[in-house]
Amino acid sequence: MQSSLLIRFGVILLKVTVLCLPFSFEWRVFGDTRIHFPTEILIGLLAIIFVIDFFRNFSVKNTYPLREFIWVLPILASYVVFAFFSGMPVVSAKFSFVNIVYILVFFILLLRLFRGNPELLTQLMLLYSLGIIAVAGWGLFQLWQYEWNLVVIPGIFRPFYKDHTILGASAAFLAVFWLSYSFLKGRKANTRIFSIVLGSFFVLLVLFSSSRAAFISLFISLFTGVLFLLRFRVRHILVMALTFLLTGLIFFEYIEDKLFSNLSESRNHYADYAEHIRSAGNVSTDVSNLERMNRWISAWRMFKNRPLTGYGPGTFQFAYIPFQEETLMTHLSVKDPYDIPEGSGGTAHSEYMLVLSEMGIFGLIAMLLFLGRILFLAFEKRHWDPGKPEIIIAFTALSSYLFHALFNNFLTTEKVAFLFWGMAAWLVANYYRDNEEKELLQAS
């Protein structure tokens, strides 16, 4: 009874937390210590609920959140172990603690909650969507105050989203989810229409955010949906990926020539949108792209210098300064981590390169193991019953961020951590639910 009351309270607290996520902002507590208020406080309370519930159910046989814990354990262990090799142990300890809590709450705890409430994910996504719609309205108001000057778009969502690309990534994720959700069988016509309207709004919000990676991620998700329709398996995906890689190597000089001849500029917000997207391939003069390449090279050099341990979780922004490539440095490049130029946010600008530089090869392997698990469930285990599209919806939404993660790293923010880990939890929960239904059918 007590456990049931705890879980019911946890669900209410979770809904309040998710509704607040788009509105959270940095708040200085004391000195240089900042928290995201009020969400980090609420997530901390959810973490306490997770710990109590975890130990109460630890001995329960076949509790699938405990079994899935194995797949995130290497990631959690990486945060703990490699913090001890950090040159900035306090920074790494704080960074590791926050990210571990995100995973425990948004993945493991949600796995537990989704089992007893299949519709909970939809409710949470709706609450998050309502919040981000309000933030979009705030951004539109800000733009109006600046007399519709498109140059200010990167900062109009502050203080809630300190960078327009974070909002763009979130909007792309929501667009893919709601448009995919409209195809879910058994839904009423008005529910489908509502999902399509929501999804279409978030597509427009992606355009409004002017995030190139977010816009391209929409097409990546569409391509992922096509793979499901064609009934691709993991082996087909691996062959396709290898083919693309070999093609890129064969035509490397041609591709390189095209990239260096591309002079489209992302900073020109008055250009047509097609030119804005083409600027993603400009590696000659586009300042944003040059700085991104500078960060990637810095991360790679850090990895080569410490391939096994990395420099410690959360330390990239301090450690990469001497590893920069001088020929790629621009006015956005950082020379002092405590004096960052305006518009030069972010760290490694890639989830994968960030992990590689901070936690070495073992940290990256831990991350890829989990992603491999999700890929396997999506493209292999769902084949027993293709009539259940929840797993397809979940992975298609996840694919938007898996692509975006090549160019930005937002999993350290609670706004994106919820979307990614929560959707992964929903995918896994639906796999177990489908599996249990299959066993019941076979038994009958």
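Since we're looking at a predicted model, the values are computed, not measured.
The shortest heavy-atom contact between Ala214 and Ala169 is CB-N, 3.9 Å. Annotation for Leu174 and Ser129: closest pair CD2-OG, 3.7 Å, computed over non-hydrogen atoms. Nearest heavy atom pair, residue Leu364 against residue Tyr352, reads CD1-O, 3.9 Å. Here the closest non-hydrogen pair linking Phe323 and Ser298 is O-OG, 3.4 Å. The two residues Met353 and Ala299 make their nearest non-hydrogen contact at O-CB, 3.8 Å. Smallest separation of non-hydrogen atoms from Met329 and Asn294: CG-ND2, 4.0 Å.
One N or O on the side chain of Trp296 and one on the backbone of His349 form a donor-acceptor pair closer than 3.5 Å. A donor-acceptor contact shorter than 3.5 Å is absent between the side chain of Ser86 and the backbone of Gly312. Using a distance-only test at 3.5 Å, with no hydrogens or angles considered, a donor-acceptor pair links the side chain of Glu358 to the main chain of Phe316. In this structure a side-chain-to-backbone donor-acceptor pair under 3.5 Å is missing from Arg306 to Gly360. Checking side-chain atoms of Asn99 against main-chain N and O of Phe95 turns up a donor-acceptor pair under 3.5 Å. Of the possible polar contacts, none joining the Ser221 side chain to the Ser399 backbone as a donor-acceptor pair under 3.5 Å is found.
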Next item on the list: Starting from the C-alpha separation in whole Å, work towards a yes-or-no answer on side chain to side chain contact (heavy atoms under 4.5 Å, CB included) for Phe318 and Ile321.
Entry: CA-CA 7 Å; Phe318 305 101; Ile321 307 296; over 6 Å; no

Next item on the list: Kindly determine whether Phe106 and Trp421 satisfy ring pair (Phe, Tyr, Trp, His ring centres under 6.0 Å), including the steps that lead there.
Entry: CA-CA 5 Å; Phe106 292 141; Trp421 292 110; 9.4 Å; no

Check: Between Met240 and Thr243, is a side chain to side chain contact (heavy atoms under 4.5 Å, CB included) present by the stated rule, with each step listed?
Finding: CA-CA 5 Å; Met240 182 178 63; Thr243 302; 5.5 Å; no

Margin query: Applying side-chain hydrogen bond (donor to acceptor under 3.5 Å, both in side chains) to Asn409 and Ser350, what does each step give before you reach the verdict?
Written below: CA-CA 5 Å; Asn409 49 281; Ser350 168; over 6 Å; no

Notebook entry, point to check: Yes or no on side-chain hydrogen bond (donor to acceptor under 3.5 Å, both in side chains) for Thr17 and Thr39, after CA distance, side-chain angles and deciding distance?
Noted result: CA-CA 6 Å; Thr17 302; Thr39 49; over 6 Å; no

Next item on the list: Dump the intermediate steps for side chain to side chain contact (heavy atoms under 4.5 Å, CB included) on Leu143 and Phe208, then the final yes or no.
Entry: CA-CA 11 Å; Leu143 188 62; Phe208 181 49; 3.6 Å; yes

Check: Can Gln324 and Ile297 be said to form a side chain to side chain contact (heavy atoms under 4.5 Å, CB included), step by step?
Finding: CA-CA 7 Å; Gln324 297 183 84; Ile297 290 174; over 6 Å; no

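A centroid separation of less than 6.0 Å is found between the aromatic rings of Phe379 and Phe395. The aromatic ring centroids of Tyr320 and Tyr311 lie 6.0 Å or more from each other. For Tyr431 and Phe376, the ring centers sit 6.0 Å or farther from each other.
Phe362 CZ: 12 or fewer foreign heavy atoms inside a 6.0 Å radius. No more than 12 heavy atoms of other residues, nucleotides or ligands lie within 6.0 Å of CZ in Phe97, so this atom counts as exposed by the packing criterion.
Taking the six-membered ring where tryptophan is involved, the planes of Tyr401 and Phe410 are tilted, since the angle between them lies from 30° to 60°. Between Trp138 and Phe141, the ring planes are tilted. Angles from 30° to 60° get that label.
Using a 4.5 Å heavy-atom cutoff, the side chains of Trp71 and Leu371 are not in contact.
Sorted by first then second residue, the salt bridge (charged side-chain N to carboxylate O under 4.0 Å, His left out) pairs that include residues 405-424, not counting sequence neighbours, number zero. Residues in residues 317-332 take part in these salt bridge (charged side-chain N to carboxylate O under 4.0 Å, His left out) pairs, two or more places apart or across chains: Arg301-Glu325.
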